[in-house]
Amino acid sequence: MKKILVVTLIVSMITFMFAGCQSSEKDSKTDDGTKVTEEKDTKDADKPYKVAFIARAQADSFAAWLANSVMEEADKYDNITVDVFDGQASDDTENSLIENAITNKYDAIIIQPNNGEAQRPYAEKAVKAGIVTITTNARIDDIEGASSVDADPYEQAKVNAVAALDQIPENANVVVLKGPPGNFHADKRYESWKTEFLDKRPDVKVVGDEIANWNKDEAMNYMETWIQANDKIDAIIAMNDNMAAGALEAVKGNDKFKDILAYGVDGTAEAALLIKDGLMTSTCLQSAYDLAEALLDTANKLLTGEEEQIDIDIDCPLINSDNVDDTIEMHKKAGAL
Amino acid sequence: MRTNKTWAAIKSKYSIYLVLLALFIICCIANKNFATINNFSNISRQISVATILGFGQTILIISGMLDLSSASVLALAGVLSVDVYKMTGNLLLAFVVAIIAGVLCNIINGMMVTKFKAPPFIATLAMMTMARGAALLYTKGQNIYQIGDYTVFGQKSIMGIPIPMIFLVVILIITWYLLKHTTFGRSTYAIGGNEEAANASGINVNKIKMKAFIINGIFVGIAGLLFMSRNNGGMPNGAVGYEFKALTAAVIGGTSFSGGVGTAAGTLAGAFIVGFLDNIMVLAGVNSYVQQIVRGAIIALAVIYDIWAKTKRTKSKLGSIEKKKKSTKN
C-alpha cells in the first residue's frame with residue numbers, strides 16, 4: 001500500500017513537472033537561447049511583450065496589493081503579459097528571480113526591491129542585457145538606462161507631519177512606531193517626521209519609540225505597555241497604517257485616550273475606515289492602483305520605443321476626514337471592502 | 001544537612017518558578033507601573049497566543065517532535081475562520097472552522113511523520129510553507145477587515161478576566177491533565193525518553209504521535225481564532241515568528257529538546273518570563289536592539305541550563321548505579 005502511494009506520488013510529481021515545462025514552453029518559448037533569438041528576430045505585432053514583475057514579498061500586504069493591481073492593470077494592455085514572481089522578502093531569492101528573468105529573456109523586468117542596494121548589481125545586469133528595467137517602491141537610484149516609478153517616502157510622511165504641527169497640542173506626549181531598520185521607506189519616513197515635526201516642536205516629548213516592523217500585532221503590544229506607563233499620550237506617530245491601527249486597537253474604548261491623534265502612511269482600507277470613524281487623524285495615500293497604472297504605462301512606453309527613460313513619482317495626497325470617502329470608495333471598487 | 005538536601009531538591013524541581021518569582025520582584029522594584037492589574041492583564045493577553053501554541057509544542061517536544069508550522073497554520077486557520085464568520089455571522093461556526101483547519105494541517109503533519117517517517121522538522125517545515133502560501137492565496141495577500149463581533153474572542157473580558165486568558169488557563173489545565181493523568185501523557189514521556197523502548201513495551205508509537213499532532217492542531221486553531229480576533233482583522237501574514245516564541249516558552253520552561261522532559265506549568269512560566277522581560281524593557285524604554293540581545297541571551301541561558309541539568313542527572317544516575325554495584329560486591 002505504502003509502495004503504491006509512493007509510486008503514485010512520484011508519477012504525479014513527474015506529470016506535474018512535465019505539464020509545467022510544457023506550459024512554460026508554450027508561454028515563453030525561452031528554454032533555449034536560440035529559440036528566443038529567433039522569436040525576438042521575428043517578433044510580430046501580435047506577440048505580446050513579456051514583463052516580469054519581481055515582487056518584494058507576497059506576504060507583505062502592500063506588496064501583495066501592488067502585485068494584484070499590476071495584474072489587473074496588465075489586463076488593460078493587449079500587447080503586454082505580466083508574470084509575477086515572489087521575492088519572499090529575501091535578497092537572495094529576489095536576485096535569483098532577476099537572474100532567471102534575464103535568462104528567460106523577458107522584454108521588461110519590474111523590480112520591487114527587498115533592499116535596493118542588494119538588488120542594484122542585478123538590475124544593472126538586466127539593463128546590460130538590453131532588457132527594459134524599471135525599479136519601483138522603492139526605486140533604486142542612479143542606474144544608468146533603468147527607469148523608475150515610486151512614491152516619495154519623505155513626502156508621504158511630510159504631509160502628515162505638517163498637518164500635525166498644528167494638530168498636536170503643546171507639551172504633548174507622543175509615541176513613535178517605526179518600520180524595519182534599513183528599509184528605505186521606513187528610514188525616510190522617520191527622517192521626515194524628525195525633520196518636519198519633532199525638530200520643530202521641542203515641546204513635544206517622545207515617551208515611547210519602538211520598531212514594530214510594519215506589524216499591527218507588535219504595535220498593539222507596545223501601545224498596551226506604553227499606556228501603563230503614561231497617563232497622557234496625545235498622539236501616535238506611525239510609519240505605516242498597519243502599526244497606527246494596531247496602536248489604536250490598544251486604546252479602543254479607553255476614555256482616557258479618546259482624543260488621541262494617530263498618523264500613518266499607505267491609505268489602507270482599514271486606515272480609511274478608522275479615519276471615517278474619527279479614530280485616526282490622517283494618512284497619506286500610497287496608492288498601489290496609481291503605482292500599477294504608472295508602471296504599466298511606463299513599461300508600455302519604454303517597450304514600444306515611445307520613450308527611452310522615465311522617472312516618475314505618484315502623488316502623495318493627505319487623507320483625512322474631509323476626503324476619506326473617496327479612498328473608501330476606491331477600496332470598495334477594488335473589492336477590499 | 002537535611003535542610004541543604006531539601007533546598008537542593010526544591011531548587012532543582014522548581015528552579016524555573018524561582019526565576020520567575022525573582023524576575024517578578026525585580027520588575028516590581030524597577031518600575032512602579034509594572035505591578036498593576038491592568039499591566040498583568042496586558043501581559044496575559046500579549047502572551048496568550050504564543051503560549052497556547054507553546055502548550056502544543058510542549059506535548060510534541062516531550063514526545064520527541066516539534067512543530068515549525070504552527071504560526072503558518074495559525075494564519076491559515078485564522079483567515080478561514082474570519083472569512084466564514086463574515087459570510088455567516090456565526091461565531092460558533094467560525095470557532096469550529098478554525099479548529100478543523102488546525103487539525104487537518106496537523107493530520108497531514110502526523111501522516112508525514114508516522115506513515116512516511118519524515119523527520120518532524122522537515123515535515124512541519126514543509127507545512128509551514130504550504131499553510132502560509134494557502135493563507136496568502138486564499139486572501140490574495142490582503143487583510144480581511146470589518147470583522148465585527150468576531151473580536152469578542154480576543155478583546156472582551158468575562159468578569160474582568162480577558163477571554164484569551166480564560167482560553168489560556170483552560171488549555172493549560174487540559175495540557176496538564178493530558179500529560180499527568182492519562183495513558184496518552186505517560187506514553188508521550190516514554191516515547192520522548194526512548195522511542196524504541198516505548199515501542200518494545202507495547203506503546204503504539206504512531207498512534208500517540210498522531211494524537212499529539214491532532215491536539216496541537218486544536219490548540220493552533222484556537223490560537224488562530226484569538227490572534228485574528230485580538231488584531232481585529234484576518235491577517236494572512238500575521239503571527240510570523242510565533243512558532244519560535246512558542247518554542248522559546250517551552251524551552252525556557254524546562255521542556256528538553258531531546259524529549260521526555262517538560263510540563264505545561266513550566267511552559268506557562270517560560271512564557272511569563274519572556275512576557276515580563278518584554279514588558280519591563282518597553283516600560284523602561286530599553287533600546288529595541290538591546291531588547292533582541294536580551295531575548296537571545298535568555299534562550300541561550302535556558303539551553304545551557306537544560307544541557308547542564310541533563311548532564312547532572314546522568315552523572316547522578318551513574319553515581320547511584322556505581323554505589324549499588326559496590327554495595328552488592330561488599
Side-chain angles (χ1 to χ4, degrees), chain A residues 1-2 5-6 9 55 57-68 71 86 88-89 178 181 206-231 242 245-246 248-250 252-253 268-274 331 334-337, chain B residues 31-43 45-47 49 72 75 111 115-117 129 132-133 135-137 139-146 151 154-156 227-228 230-233 235-242 275 278-289 291-292:
Chain A
M1 184 63 189
K2 211 182 284 174
L5 263 173
V6 172
L9 203 66
Q58 292 285 65
D60 166 338
S61 54
F62 183 80
W65 179 20
L66 180 58
N68 295 340
M71 292 301 280
D86 184 2
Q88 295 172 18
K178 295 189 271 197
V206 178
V207 294
D209 178 335
E210 291 287 351
I211 295 161
N213 296 307
W214 302 136
N215 288 334
K216 191 176 177 182
D217 55 316
E218 285 188 49
M220 178 160 50
N221 286 350
Y222 285 131
M223 191 66 187
E224 281 175 343
T225 307
W226 284 329
I227 62 176
Q228 297 308 313
N230 301 281
D231 279 340
N242 242 0
L248 282 171
E249 205 66 48
K252 201 165 75 177
T268 62
E270 186 175 29
L273 292 172
L274 287 167
H331 284 300
L337 285 174
Chain B
N31 195 298
K32 66 178 169 50
N33 296 306
F34 180 79
T36 63
I37 302 278
N38 274 343
N39 197 40
F40 291 140
S41 164
N42 278 341
I43 295 171
R45 267 186 279 121
Q46 285 167 8
I47 65 163
V49 171
S72 302
M111 296 273 283
K115 302 281 176 207
F116 297 104
K117 302 293 171 206
T129 316
R132 184 69 70 180
L136 290 165
L137 183 69
T139 56
K140 289 186 177 173
Q142 297 296 297
N143 292 349
I144 303 169
Y145 301 117
Q146 293 177 310
T151 53
Q155 299 192 1
K156 298 286 176 210
F227 181 88
M228 302 303 163
R230 181 166 146 72
N231 285 287
N232 190 17
M235 297 158 64
N237 54 355
V240 170
Y242 270 54
D278 280 349
N279 186 263
I280 196 70
M281 286 195 290
V282 176
L283 283 176
V286 175
N287 178 293
S288 302
Y289 305 132
Q291 289 185 29
Q292 289 187 32

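Remember, predicted model here, so these are calculated numbers, not experimental data. All heavy atoms count here, side chains included; hydrogens, waters and symmetry mates do not.
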Can you tell which part of [X] gets under 4.5 Å to a heavy atom of chain A, answering side chain, backbone, both or neither?
X: B:F34; result: neither
X: B:R132; result: neither
X: B:T36; result: side chain

Between [atom1] on residue [X] and [atom2] on residue [Y], distance to nearest 0.5 Å:
X: B:Y145; Y: A:L273; atom1: OH; atom2: CG; answer: 9.0 Å
X: A:K216; Y: B:N232; atom1: NZ; atom2: CG; answer: 5.0 Å
X: B:L136; Y: A:D86; atom1: CG; atom2: CG; answer: 8.0 Å
X: A:N215; Y: B:N237; atom1: CG; atom2: CG; answer: 7.5 Å
X: B:K140; Y: A:M71; atom1: NZ; atom2: CE; answer: 10.0 Å
X: B:Q291; Y: A:E210; atom1: CD; atom2: CD; answer: 4.5 Å

>> Would you say that B:Q146 contacts A:E270 through its side chain, given a criterion of any heavy-atom pair below 4.5 Å between the two side chains?
In response: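 No - every pair of side-chain heavy atoms lies 4.5 Å or more apart.
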
> So which of B:V240, B:N38, B:N33, B:N143 has the largest heavy-atom pair count under 4.5 angstrom toward chain A?
Replying inline: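 Ranked by heavy-atom pairs under 4.5 Å with chain A, first place is B:N33.
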
>> Working note: A:M223 + B:V282, criterion side-chain contact (heavy atoms from CB on, under 4.5 Å); need CA distance, chi angles, decisive distance, verdict.
In response: CA-CA 10 Å; A:M223 191 66 187; B:V282 176; over 6 Å; no

>> Apply side-chain contact (heavy atoms from CB on, under 4.5 Å) to residues A:Y222 and B:D278 and explain how you reach the verdict.
In response: CA-CA 9 Å; A:Y222 285 131; B:D278 280 349; over 6 Å; no

>> For a quick test of reading the model, state the closest non-hydrogen atom pair linking A:T225 to B:N42 and the distance between them.
In response: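 Minimum heavy-atom separation between A:T225 and B:N42: N-ND2, 4.5 Å.
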
> Is the count of non-hydrogen atoms from other residues, nucleotides or ligands lying under 6.0 Å from A:K252 atom NZ greater than 12?
Replying inline: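 More than 12 within 6.0 Å, yes.
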
> With distance as the sole criterion, is a donor-acceptor pair present between the side chains of B:Q155 and A:E249 under 3.5 Å?
Replying inline: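 B:Q155 vs A:E249: donor-acceptor pair found between side chains.
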
